[in-house]
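Here is the structure we will look at, set down as structure tokens.
Note: hydrogens, waters and symmetry copies are ignored here, and every other heavy atom, side chains too, is used.
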Amino acid sequence: MNGLDLLGPDQRGLYIGGAWREAEGGERLDVIDPADGSVLTDVADGSVNDAVDALDAAVAAQAAWARTPPRERGEILRTAFSLITDRADQFAHLMSLEMGKTVAEARGEVGYGVEFFRWYAEEAVRIHGRWMQAPAGGSRLLTIKKPVGPCLFITPWNFPLAMGTRKIGPAIAAGCTMVVKPASQTPLTMLALAGVLAEAGLPDGVLNVVTTTRHGEFSQTLQADDRLRKVSFTGSTGVGKVLVRQSADQLQRLSMELGGNAPFLVFEDADVDAAVDGAMIAKMRNMGEACTAANRFLVHRSVAQEFAEKLGQRMGGLTLGRGQDEGVDVGPLIDEKAVESVSQLVTDAIHDGATVVTGGQAPDGPGYFYPPTVLLDVPVESEINVQEIFGPVAPISTFETEEEAIQQANDTEYGLASYVYTRDLARTIRIAESLDFGMIGINSGLISNPAAPFGGVKASGFGREGGFEGIEEYLETTYVALPAG
Ligand code: NAP
């Protein structure tokens, strides 16, 4: 089994209006294996006309889909949940192949990603408005929730399944139709997912998938179309800003899940071993290629040496290799550019005065590998603390006081995830109220949960995915004023 067997003979094409087809002009794009740089396979490279066809299909399907009983929409999601769960190993292999993460890690993503289908299968039947008496008593106020309408979803390469299900699940539950553009580096998982949703009974045109390298023209054209009512994007802050600007003329609803620069705070009263366990998850999940990845370790000076040594030992003991091989803990990064960018940040941090506890040097190719790396005494102003690293590097800086720790943690344009290790309850409350982040993990390196509202503030974007909040992103409220009778 290598996961490619999930895709039928036509399933490397575009999926539009319930049919698989070639791109206009028969254009294809290569999918690269990041473990050795070879071509794995290719998929259709959609044109702008293909994108418009996909929106036409979504628009045509919208009215009937909105009228479909909530239970039916929920059952489709529940069936897809079961089908994907049954094929979890195949999905994990496919993701590992195109993205590089280990199969074990990819299995974790399948388990996480598919839960958005189960959660929103359950939420589909709980969409409701309200009925109330007007305060002055003269009339009645009724609210009705309606699907926002055809949506555009653009997803990144780092979580090829979960970044899709977090949008597709609530959109299906709410009764929206959609055009999905997966990252051109990892299109295969989304194509496999489209096949499963069709098998689960999703009507033609509700979900349309266009793989393309023409991302600029693609989003400009679709966002200029007043039939498109919503854009949900997960990716970099720079691209998010472009999409926000492009939404202005049509005033599309937006959800923006953008970059992060998560601080990982370890106080002097923390259980250092537990903090190291949490750091391994917060840093090494997805080889550090996660928006929630701990980016800056801010550790109280009195425990910094112990924390660095213990983390260095754990990180240095991990095995680098092809994600599908037995015994491998850390796969390759996504591409050559990613390795260069991580290498540069590490070189600059060392130049700024950091010392290397473990790692710090990319091995020779083939493949886009970077070893788990721990750096100590990194000046807080070093570039590695400012940018998203998106690789397996843990820079450790120190602080003396709680105020200093909070100030350093908040000193970033981003505001997605943050992590705090302390055993002091009063401090926990003070810190949770002081950190400018959408999510805070207390004594835990893993915060993502389909039942929780995932999202950020500041340059990390706006809108929430998951939880009760996630479905609201796909609903409009109509208010009906009624006479008292
Ligand atoms: P990216 O370069 O912004 O790409 C994300 C997606 O946007 C890809 O599908 C890409 O297409 C597409 N894209 C690029 N330019 C576009 C344009 N002008 N119009 C329409 N689509 C466009 O980000 P990435 O490097 O793939 O992903 C890493 C980033 O995502 C990091 O910053 C990370 O923090 C963030 N992220 C955030 C979350 C969250 O929930 N907050 C979760 C995961 C990742 P191509 O593939 O064709 O380039």
Side-chain angles (χ1 to χ4, degrees), residues 260-285 288 290 292-318 345-346 348-350 352-360 372-389 391-412 414-428 430-432 434-437 439-447:
N261 180 358
F264 188 104
L265 300 168
V266 183
F267 284 91
E268 63 277 25
D269 61 81
D271 175 340
V272 173
D273 290 328
V276 170
D277 287 343
M280 289 301 290
I281 300 168
K283 180 73 253 179
M284 292 310 297
R285 180 165 175 241
T292 52
N295 210 58
R296 300 171 286 151
F297 289 83
L298 305 175
V299 184
H300 191 269
R301 182 166 297 285
S302 64
V303 290
Q305 189 69 36
E306 180 190 356
F307 178 79
E309 277 168 19
K310 288 181 168 168
L311 185 62
Q313 246 169 26
R314 294 277 293 279
M315 297 261 286
L318 298 175
L345 288 171
V346 170
D348 289 350
I350 294 168
D352 293 342
T355 55
V356 178
V357 180
T358 189
T373 295
V374 177
L375 304 174
L376 184 57
D377 293 327
V378 179
V380 279
E381 65 281 4
S382 192
E383 193 60 22
I384 202 164
N385 280 330
V386 177
Q387 275 190 39
E388 248 187 320
I389 304 170
V393 181
I396 302 173
S397 307
T398 55
F399 64 83
E400 299 279 1
T401 64
E402 188 179 303
E403 294 68 36
E404 200 189 340
I406 293 169
Q407 185 274 326
Q408 286 180 15
N410 285 339
D411 188 14
T412 170
Y414 295 105
L416 191 63
S418 56
Y419 305 89
V420 181
Y421 274 77
T422 176
R423 285 186 274 208
D424 182 333
L425 178 60
R427 167 175 277 160
T428 302
R430 277 196 307 275
I431 303 263
S434 309
L435 288 180
D436 298 332
F437 291 82
M439 299 176 285
I440 305 173
I442 305 293
N443 294 327
S444 168
L446 184 67
I447 50 179

Worksheet entry | Derivation and outcome, side chain to side chain contact (heavy atoms under 4.5 Å, CB included), residues Leu435 and Val420 | CA-CA 10 Å; Leu435 288 180; Val420 181; 3.8 Å; yes
Discussion item. Quick one, Thr292 with Arg285, criterion side chain to side chain contact (heavy atoms under 4.5 Å, CB included). Give me CA distance, side-chain angles, the key distance, then yes/no.
Written reply: CA-CA 9 Å; Thr292 52; Arg285 180 165 175 241; 3.8 Å; yes
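Counting non-hydrogen atoms of other residues, nucleotides and ligands closer than 6.0 Å to CD of Glu383 gives a total above 12.
Glu402 pairs in a side chain to side chain contact (heavy atoms under 4.5 Å, CB included) with only one of the listed residues (Arg430, His300, Glu268), which is Arg430.
Of all heavy-atom pairs spanning Ala409 and Phe437, the tightest one is O-CZ, 3.3 Å. Nearest heavy atoms, Val374 versus Ala308: CG1-O, 4.3 Å. Minimum heavy-atom separation, Val299 to Val303: CG1-CG2, 3.7 Å. Of all heavy-atom pairs between Glu388 and Gly260, the closest is CG-O, 2.6 Å. Minimum interatomic distance between Ala354 and Leu375 (heavy atoms only, all atoms of both residues): CB-CB, 4.3 Å. Here the shortest heavy-atom pairing between Tyr421 and Ser444 reads OH-N, 3.2 Å.
With rounding to the nearest 0.5 angstrom, the CG atom of Asn443 is 8.0 Å from the CG atom of Asp271. In this structure, CG on Asn295 lies 8.0 Å from OG1 on Thr412, to the nearest 0.5 angstrom. Leu416 CG to Ile447 CD1: the interatomic distance, rounded to the nearest 0.5 Å, is 7.0 Å. The CG atom of Leu311 sits 9.5 Å away from atom CE of Met284, with the distance rounded to the nearest 0.5 Å. For the atom pair OG (Ser418) and CD1 (Ile406), the distance works out to 11.0 Å, reported to the nearest 0.5 Å. The structure places CG of Asn261 at 4.0 Å from CZ of Arg296, a figure rounded to the nearest 0.5 Å.
Residues Val378 and Asn385 are in side-chain contact: their nearest non-hydrogen atoms beyond the backbone lie under 4.5 Å apart. Counting heavy atoms from C-beta outward, Ile396 and Val357 have side chains that stay 4.5 Å or more apart. Within the 4.5 Å cutoff, the side chain of Glu381 has no heavy atoms near those of the Asp352 side chain. Side-chain contact check for Ile389 versus Pro395: some heavy-atom pair is nearer than 4.5 Å. Side-chain contact between Ile384 and Asp348: absent, with no pair of heavy atoms (C-beta onward) separated by less than 4.5 Å.
Within the 3.5 Å criterion, the main-chain N or O of Asp269 finds a donor-acceptor partner in the side chain of Arg423. Lys283 contributes no side-chain N or O that, together with a main-chain N or O of Gly288, makes up a donor-acceptor pair within less than 3.5 Å. No donor-acceptor distance shorter than 3.5 angstrom exists from the side chain of Thr373 to the backbone of Val393, with no hydrogens or angles considered. Not a single donor-acceptor pair under 3.5 Å links the side chain of Asp436 to the backbone N or O of Asn410.
Classification of the Phe307-Phe297 ring pair by plane angle, with boundaries at 30° and 60°, yields tilted.
One side chain, Glu309 or Gln305, offers a donor N or O that lies under 3.5 Å from an acceptor on the other. Side-chain contact check for Gln408 and Glu404: at least one donor-acceptor pair (N or O, by modelled atom type) lies under 3.5 Å.
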